[in-house]
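A quick note: this is a predicted structure, and the numbers were derived from the prediction, not measured. Residue numbers count from 1 along this sequence. Note: hydrogens, waters and symmetry copies are ignored here, and every other heavy atom, side chains too, is used.
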Amino acid sequence: MRSSSTLVAILATIIASLVICQHNVSAQDTPVFTEYRGITIGMPIADVHSKLGDPKQKYDGEDDFEFSDSESARVVYDEGKKVLTISVMYTGDLAAAPAAKAVVGEELAPRDDGSIYKMSQYPKNGFWVSYVKTSGTSPMVIITMQRMASEP
């Protein structure tokens, strides 16, 4: 059975998918957020482990890292063992979470329920970035970077 961090990562993926379905998506030329802790899209798995150390959990094609009680990340790899997706979640104390401007390049106004979301696509760079901040008594910030599907 997978750990609670796996369930949290699955939740992050679901939330990121919801962001994609919303209309707050833009395509820009120059990304603001291009790496997380030195990890970039397309980086080989060996380089990820060199920069981040051993993951807390390893699964076929993905690694879960826990940096503190409030910061964790999931790195998903493609068939060539290169980074396909980086999903970072901040929970509890959100002081370490970057602001939306540091991720998508602009300040974002909260929705009526207090949540914030935006997805920025960078076709020239081959990836997209999303920023999600949930509302409620225990908000989370979820930042996801993913390689865009290449044209056939």
Side-chain angles (χ1 to χ4, degrees), residues 4-45 47-53 55-56 61-78 82-152:
S4 62
S5 65
T6 300
L7 295 175
V8 169
I10 291 169
L11 175 63
T13 303
I14 291 168
I15 291 172
S17 298
L18 291 173
V19 169
I20 294 168
C21 294
Q22 299 295 326
H23 298 288
N24 202 3
V25 177
S26 67
Q28 301 174 0
D29 288 333
T30 307
V32 176
F33 191 83
T34 59
E35 56 91 19
Y36 169 73
R37 291 182 174 249
I39 304 306
T40 59
I41 298 297
M43 179 178 278
I45 192 171
D47 292 350
V48 171
H49 291 168
S50 173
K51 290 203 178 272
L52 299 182
K56 181 174 183 174
E62 59 191 65
D63 291 328
D64 290 341
F65 296 90
E66 222 172 274
F67 303 105
S68 70
D69 289 341
S70 61
E71 182 182 352
S72 61
R74 169 167 285 185
V75 180
V76 179
Y77 307 99
D78 62 17
K82 294 186 178 181
V83 175
L84 173 66
T85 306
I86 303 166
S87 187
V88 184
M89 184 168 356
Y90 298 90
T91 58
D93 179 10
L94 298 181
K101 187 171 185 171
V103 177
V104 294
E106 63 183 278
E107 297 293 336
L108 301 175
R111 297 177 60 188
D112 291 342
D113 67 359
S115 64
I116 299 172
Y117 64 86
K118 177 153 185 170
M119 176 186 189
S120 295
Q121 298 180 4
Y122 304 100
K124 291 179 184 176
N125 298 88
F127 67 90
W128 57 262
V129 176
S130 68
Y131 182 92
V132 177
K133 183 176 182 184
T134 63
S135 60
T137 57
S138 300
M140 298 183 290
V141 171
I142 303 158
I143 299 167
T144 303
M145 294 176 62
Q146 183 169 311
R147 183 175 62 217
M148 295 174 128
S150 55
E151 299 295 322

Identify, with sequence neighbours excluded, every residue that meets side-chain hydrogen bond (donor to acceptor under 3.5 Å, both in side chains) alongside [X].
| X | value |
| --- | --- |
| Ser115 | Asp113 |
| Gln146 | Thr85 |
| Asp69 | none |

Separation of [Y] [atom2] from [X] [atom1] (nearest 0.5 Å):
| X | Y | atom1 | atom2 | result |
| --- | --- | --- | --- | --- |
| Ser70 | Met89 | OG | CE | 11.5 Å |
| Ile86 | Arg37 | CD1 | CZ | 12.0 Å |
| Asp93 | Glu71 | CG | CD | 11.0 Å |
| Lys82 | Ile41 | NZ | CD1 | 13.0 Å |
| Ile142 | Lys133 | CD1 | NZ | 12.0 Å |
| Phe65 | Ser72 | CZ | OG | 11.5 Å |

Does a side-chain heavy-atom distance below 4.5 Å link [X] with [Y]?
| X | Y | result |
| --- | --- | --- |
| Val141 | Tyr131 | yes |
| Leu52 | Phe67 | yes |
| Thr144 | Ser87 | yes |
| Asp63 | Ile45 | yes |

Contact summary for [X] and [Y], nearest pair of heavy atoms:
| X | Y | answer |
| --- | --- | --- |
| Pro55 | Asp64 | CB-O, 3.3 Å |
| Ala102 | Pro98 | CB-CB, 4.2 Å |
| Ser135 | Gly114 | CB-C, 3.8 Å |

Show the numbers, then the answer: is there a side-chain contact (heavy atoms from CB on, under 4.5 Å) between Leu84 and Tyr77? CA-CA 5 Å; Leu84 173 66; Tyr77 307 99; 5.9 Å; no
Salt bridge (charged side-chain N to carboxylate O under 4.0 Å, His left out) partners of Asp47, counting only residues at least two apart: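 Asp47 satisfies salt bridge (charged side-chain N to carboxylate O under 4.0 Å, His left out) with no other residue.
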Donor-acceptor contact present, side-chain Thr134 to main-chain Met140, <3.5 Å: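 At least one qualifying donor-acceptor pair exists.
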Can you name the side chain to side chain contact (heavy atoms under 4.5 Å, CB included) partners of Thr34, sequence neighbours left out?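 Expected list: Pro31, Phe127.
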Please enumerate all residues that pass side chain to side chain contact (heavy atoms under 4.5 Å, CB included) together with Lys51, with sequence neighbours excluded.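 Counting only residues at least two positions away or on another chain, Lys51 forms a side chain to side chain contact (heavy atoms under 4.5 Å, CB included) with Ile39, Met43.
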Could you walk me through whether Ile143 and Tyr90 pass the side-chain contact (heavy atoms from CB on, under 4.5 Å) test, one step at a time? CA-CA 9 Å; Ile143 299 167; Tyr90 298 90; 4.1 Å; yes
Under the criterion side-chain contact (heavy atoms from CB on, under 4.5 Å), I'd like the reasoning laid out for Val32 against Val129: C-alpha separation, chi angles, the key distance, then a yes or no. CA-CA 9 Å; Val32 176; Val129 176; over 6 Å; no
Apply side-chain contact (heavy atoms from CB on, under 4.5 Å) to the pair Tyr122 and Thr30, showing each step before the final yes or no. CA-CA 7 Å; Tyr122 304 100; Thr30 307; 6.0 Å; no
